[in-house]
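In what follows, residues are counted from 1 in the order of the sequence shown.
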Amino acid sequence: MKPVDWLDDLRSLAQVELLGTVEGWQVIATDRSSGERREGPVRKTFWDAIRHARAMWEGERDRAPE
């Protein structure tokens with residue numbers, strides 16, 4: 001799945017922000033039902049910010065106990 005498609009899918013569950021600052025780009029997602037706020041890592045390009053947030057959050061989901 002392309003990074004932008006993944007971000008669009010995430011929008012169905014959360015309010016998603018892609019912020020650009022002096023330090024770089026960051027994806028922030030706030031869950032619509034619980035209000036939980038997740039911050040992805042800051043990266044130099046917005047493509048990298050999306051990819052790294054996806055890898056981090058999907059990696060956590062894959063390691064969650066069943």
### Message
Donor-acceptor pair, distance only, cut-off 3.5 Å: does the side chain of R32 make one with the backbone of A14?
### Response
yes

## Note on the structure
Value for CG (L19) from CD1 (I28), rounded to nearest 0.5 Å, stands at 4.5 Å

## Note on the structure
In short, D31 meets S34 closest at the heavy-atom pair OD1-N, 2.8 Å

### Message
With side chain to side chain contact (heavy atoms under 4.5 Å, CB included) as the criterion, how do Q15 and R37 come out once you've worked through the C-alpha distance, each side chain's angles and the decisive distance to 0.1 Å?
### Response
CA-CA 9 Å; Q15 176 183 337; R37 181 178 165 107; over 6 Å; no

### Query
If you group Ile, Leu, Val, Met, Phe, Trp and Tyr by side-chain heavy-atom gaps below 4.5 Å, do L10 and M56 land in one group?
yes

### Query
Just how far is it from atom CZ of R51 to atom CG of L7, taken to the nearest 0.5 Å?
12.5 Å

### Under the salt bridge (charged side-chain N to carboxylate O under 4.0 Å, His left out) test, residues paired with D9 that sit two or more places apart
none

### Task
Give a yes or no on whether V42 and V27 share a hydrophobic cluster (residues Ile, Leu, Val, Met, Phe, Trp, Tyr; joining criterion: side-chain heavy atoms under 4.5 Å apart).
no

### Message
Count I, L, V, M, F, W, Y as connected when their side-chain heavy atoms are under 4.5 Å apart, and connections chain through other members. Are V16 and L13 then in the same cluster?
### Response
no

### Task
Could you tell me which non-hydrogen atom of G40 sits nearest to which non-hydrogen atom of Q26, and how far apart they are?
O-NE2, 2.8 Å

### Task
Report yes if the side chains of K44 and E23 come closer than 4.5 Å at any heavy-atom pair, otherwise no.
no

### Message
Nearest 0.5 angstrom please: H52 NE2 to R54 CZ, how far?
### Response
12.5 Å

#### Entry: Same apolar cluster (I L V M F W Y, side chains within < 4.5 Å links), V4/W25
yes

### Message
So W6 and E58, do their side chains get closer than 4.5 Å, heavy atoms only?
### Response
yes

### Summary
In terms of heavy-atom contacts, A49 and R43 come closest through N-CB, 3.7 Å

### Query
Given side chains that start at C-beta, do those of W57 and R38 come closer than 4.5 Å, heavy atoms only?
yes

